[in-house]
Amino acid sequence: MKKQNVSNVNKTLYIPLYGKSLVSKRGLFLDDPMAQRIWESEQFALKGKSKSKYLAFYMGIRAAVFDEWVKARVREADDAVIIAVGCGMDSRAQRVDQNVLWYDVDFPEVIAQRGRYYKETERYCMLSGDARDPAWLLQIPQHKHAIVVLEGVSMYLTTQEKQHLFEAVGNRFARVCVLMDVYSEFAAKMSKYKNPINDVGVTTVYGTDDPAALQTEQVRFVREHDMVPRAYVDQLQGMEKQIFARLYAGGFAKKLYRLYEYQKS
């Protein structure tokens with residue numbers, strides 16, 4: 001992610017925001033009234049593929065999968081601190097609602113925009129920071145266990161930048177759990193020609209075909225998760241279900257998007 005592209009990368013936050021707003025309004029996958037409120041207020045002018053209802057379904061399912069993973073990890077370690085890197089305008093802290101210490105992290109301009117809708121509390125904080133330079137971690141009190149969310153972020157980071165973030169988190173906390181969606185190398189190459197993020201000016205992304213290639217000495221790859229569980233696909237009906245399943249739940253989709261979990265234990 002080159003420095004001159006930061007403003008365009010920030011615009012990508014509206015794509016999942018629209019998706020979560022749409023599925024929430026339709027009663028699919030997750031309940032997200034904050035996404036509906038922000039989308040209706042901001043009315044960012046998405047265009048082309050970035051406003052596809054099928055992409056919106058995918059964004060809603062992805063958010064729901066991350067929500068369930070966070071809830072499960074919190075049940076295992078209710079004293080953990082949760083760190084959402086590249087949070088955008090997401091309301092996961094409200095959707096999960098586990099009464100845990102939570103930090104949402106993003107670029108200063110994104111955090112400033114979040115301040116129009118979200119209020120900090122003793123348990124919820126927002127930090128200005130860049131995933132490529134995790135010095136902001138020093139603002140988070142050390143805990144035995146950190147749950148790190150990297151949703152829709154890794155594709156803007158090089159392998160070295162992802163490893164640098166893993167190293168920083170691993171050095172800061174005794175135990176770490178990370179969930180991260182990634183592009184394959186093929187998806188990264190194809191993104192130059194066909195990707196909704198092109199509609200907001202982003203053309204440079206990164207992919208990997210080997211999850212172990214991203215791990216560090218402390219934070220290791222442990223498992224792959226299903227990006228689009230069948231139970232969510234089955235909430236759709238008729239042609240919407242058939243088309244979505246072909247676009248985002250079939251073999252071709254698995255060649256593009258993967259969901260990896262890493263841990264330090």
Side-chain angles (χ1 to χ4, degrees), residues 1 3-25 30-46 50-51 56 59-60 62-64 66-67 70-71 74 80-143 146-157 165 168-169 172 179-180 197 200-202:
M1 182 169 59
K3 190 69 173 178
Q4 62 267 29
N5 289 334
V6 165
S7 61
N8 285 336
V9 169
N10 285 345
K11 294 177 185 177
T12 65
L13 65 85
Y14 289 104
I15 299 175
L17 176 66
Y18 168 71
K20 285 175 278 192
S21 173
L22 179 67
V23 301
S24 180
K25 191 172 184 178
L30 76 166
D31 181 25
D32 198 340
M34 181 60 84
Q36 294 183 61
R37 175 190 168 194
I38 298 173
W39 178 255
E40 290 170 3
S41 175
E42 296 294 326
Q43 287 294 303
F44 184 78
L46 291 179
S50 62
K51 207 172 182 180
M59 292 295 173
R62 186 181 74 177
F66 270 85
D67 285 358
V70 172
K71 291 176 183 177
V74 170
V81 59
I82 300 176
I83 307 170
V85 183
C87 59
M89 299 301 285
D90 185 63
S91 65
R92 177 161 290 115
Q94 296 179 358
R95 297 196 306 270
V96 171
D97 191 26
Q98 296 290 325
N99 194 35
V100 293
L101 184 58
W102 192 296
Y103 287 85
D104 275 337
V105 184
D106 213 314
F107 293 117
E109 51 268 46
V110 176
I111 295 301
Q113 190 171 1
R114 284 185 67 87
R116 297 169 54 199
Y117 299 96
Y118 297 94
K119 302 301 179 185
E120 292 186 309
T121 68
E122 291 184 357
R123 307 291 293 179
Y124 174 71
C125 301
M126 295 181 286
L127 295 180
S128 296
D130 187 331
R132 300 166 300 177
D133 180 14
W136 45 265
L137 270 172
L138 297 178
Q139 299 179 60
I140 300 177
Q142 285 186 297
H143 282 246
I147 299 169
V148 182
V149 175
L150 287 167
E151 181 185 7
V153 173
S154 77
M155 55 285 302
Y156 305 115
L157 306 175
L165 178 59
V169 174
R172 184 73 176 166
L179 189 64
M180 177 174 70
I197 61 176
V200 292
V202 176

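Numbers for residues simply follow the sequence, beginning at 1. Just so you know, these numbers use all the heavy atoms, side chains as well, and skip hydrogens, waters and symmetry mates.
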Take Arg132 and Leu157 through the test side chain to side chain contact (heavy atoms under 4.5 Å, CB included) and record every step on the way to the result.
CA-CA 7 Å; Arg132 300 166 300 177; Leu157 306 175; 3.5 Å; yes
Sequence neighbours left out, what passes salt bridge (Lys or Arg N to Asp or Glu O under 4.0 Å) with Asp90? Give chain and number order.
Lys20, Arg92, Arg95
Find out whether Leu13 and Phe107 are in side-chain contact, i.e. whether some heavy atom of one side chain is under 4.5 Å from a heavy atom of the other.
no
Minimum heavy-atom separation for Asp32 and Ser91, please, with both atom names.
OD1-OG, 2.7 Å
So, using salt bridge (Lys or Arg N to Asp or Glu O under 4.0 Å) as the criterion, who are the partners of Glu120 when residues are at least two apart?
none
Using side-chain contact (heavy atoms from CB on, under 4.5 Å) as the criterion, point out the one residue from Val149, Leu101, Ile147, Leu137 that pairs with Ile83.
Leu137
For the residue pair Tyr118 and Tyr124, does the interplanar ring angle fall in the parallel (under 30°), tilted (30 to 60°) or perpendicular (over 60°) class?
tilted
The ring-ring contact (aromatic ring centres under 6.0 Å, His included) partners of Tyr18 (sequence neighbours excluded) come to Trp39
Any side-chain to backbone donor/acceptor pair from Trp136 onto Asp130? Under 3.5 Å, distance only.
yes
Return the minimal non-hydrogen interatomic distance between Ala80 and Val100, and the atom names on each side.
O-CB, 4.1 Å
Euclidean distance, Arg172 CZ relative to Leu138 CG, rounded to 0.5 Å:
5.5 Å
Taking atom CZ of Phe66 and atom CG of Leu150, what is their separation to the nearest 0.5 Å?
7.5 Å
Using 0.5 Å steps for rounding, measure from the CD atom of Glu42 to the CD atom of Gln113.
4.5 Å
Validation row: Tyr103, Pro141 side chains within 4.5 angstrom (heavy atoms):
yes
Listed partners of Thr121 passing side chain to side chain donor-acceptor pair (under 3.5 Å), at least two apart:
none
Considering all heavy atoms of both residues, which atom of Ser128 and which atom of Pro108 are nearest to each other, and what is their separation?
OG-CA, 3.5 Å
Which heavy atom of Leu22 sits nearest to which heavy atom of Ala56, and what is that distance?
CD2-CB, 3.5 Å
Rounded to the nearest 0.5 angstrom, the CE-SG distance for Met126 and Cys87 is 8.5 Å
Roughly how far apart are His143 NE2 and Ile82 CD1, rounded to 0.5 Å?
11.0 Å
Which heavy atom of Ala35 sits nearest a heavy atom of Ser21, and at what distance?
O-CB, 3.6 Å
By salt bridge (Lys or Arg N to Asp or Glu O under 4.0 Å), which residues pair with Arg114, not counting sequence neighbours?
Asp104
Compare every heavy atom of Leu127 with every heavy atom of Gln139, then report the nearest pair and how far apart it is.
OE1-CD2, 3.4 Å
Approximate separation, where rounding is to 0.5 Å, of Asp133 CG and Leu165 CG:
10.5 Å
Salt bridge (Lys or Arg N to Asp or Glu O under 4.0 Å) with Lys25: which residues, sequence neighbours excluded?
none
